[in-house]
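The residues of the chain are indexed from 1 along the displayed sequence. Worth knowing before you read on, the calculation uses all heavy atoms, side chains too, and leaves out hydrogens, waters and symmetry mates.
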Amino acid sequence: MLRNKRFAWMLAAVGVLATSGLVGACDPEDEPQTPSTQNDAGTKTDAGTNTDAGTNTDAGTNTDAGTTTDAGTTTDAGTETDAGTTTDAGTQATLPLAVDGTWAPSGYMGSGGGNQGGLVDEPVCHTPRPGAGLGTCHKFTATQKNDAWAGVFWQFPEGAWEDDPRPGFQVPDGANAVTFYAWSETGGEVVNFFAGYEGKDGWTKKIEVTLTTEPKQYTLDISKIRYSTVGGGFGWSAGGLDVKPLVLFIDDIQWK
């Protein structure tokens, strides 16, 4: 009987120890759990502050650093139109003024007019060229066709006759003369030289000369003429083509 009680007591004690061990294994105060340290060791917000470390927007402010539009304002720096206003600057003619290149020898008259074909202009120069050699050398060969005379007007605009409403060339103030060199192949021919459309320009100046075979300078005195725009910058005419053709040379025509 006593033996049985002792055995029962031992079983109870063993049961109590087993239960105590199980309870101890589950007590958080006896042994801290490892998972409780995850907030400190894995502070992903602090350690992986991707927003601060990778501030791509601040470091790569491509818009500010590469303000190509401001740095390369090519239009402002290369305003070629304003800087190279060639048309405006080039209309400021100065004296002396070459007739060729300003007025055009386009006004053929007499046997050179219409479809007669009795006048040829060639750029043949004397050696050396007389005077300053401004403009173009001219060798005019005139022959009789329907008319026994011929002539040429230097016009502005090209081809504009006296009744053309377009204004002539604006000649600078201060010109007192239209000078030129003229001669012929055989000499002795009488030729009229002139400047200005009487109706359109409001004036005309003429001289009559007898040519020689060597270049000689002639002058149209316009010192007393009040001019503005000029449609007929220079011209010549000659008759006698029924007697013989005319070979006329003219060079260095200028307003001065």
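- Under a hydrophobic-cluster definition in which Ile, Leu, Val, Met, Phe, Trp and Tyr are linked whenever side-chain heavy atoms come within less than 4.5 Å, directly or via other members, V191 and F153 are assigned to different clusters.
- Between W103 and V230 the shortest side-chain heavy-atom distance falls below 4.5 Å.
- Summarising the geometry, atom CG belonging to L211 is positioned 8.5 Å from atom OG1 belonging to T186; distances are rounded to the nearest 0.5 Å.
- S106 and E158 share no side-chain donor-acceptor pair at under 3.5 Å.
- Each of F249, Y108, W183, W236 was compared with F140 under the ring-ring contact (aromatic ring centres under 6.0 Å, His included) criterion, and only W236 meets it.
- Taking the side chain as every heavy atom from C-beta outward, V152 and L119 approach each other to under 4.5 Å.
- No side-chain heavy atom of V178 sits under 4.5 Å from any side-chain heavy atom of K205.
- Using a 4.5 Å heavy-atom threshold, the side chains of P172 and W255 count as separate.
- Heavy-atom neighbours of K206 NZ from other residues, nucleotides or ligands within 6.0 Å: at or below the threshold of 12.
- At a threshold of 4.5 Å between non-hydrogen side-chain atoms, the residues D252 and R129 do not count as touching.
- Contact check for Q144 versus S111: no side-chain heavy atoms found under the 4.5 Å cut-off.
- Between Q116 and D147 the shortest side-chain heavy-atom distance falls below 4.5 Å.
- Annotation: H138 is in aromatic contact with W154 [ring centroid separation under 6.0 Å].
- Y227 and W203 have tilted rings, their planes meeting at an angle from 30° to 60° on a 0 to 90° scale.
- Within 6.0 Å of CD in Q217 there are more than 12 heavy atoms belonging to other residues, nucleotides or ligands.
- V247 and V190 fall into different hydrophobic clusters, where Ile, Leu, Val, Met, Phe, Trp and Tyr are joined by side-chain heavy atoms under 4.5 Å apart, directly or via other members.
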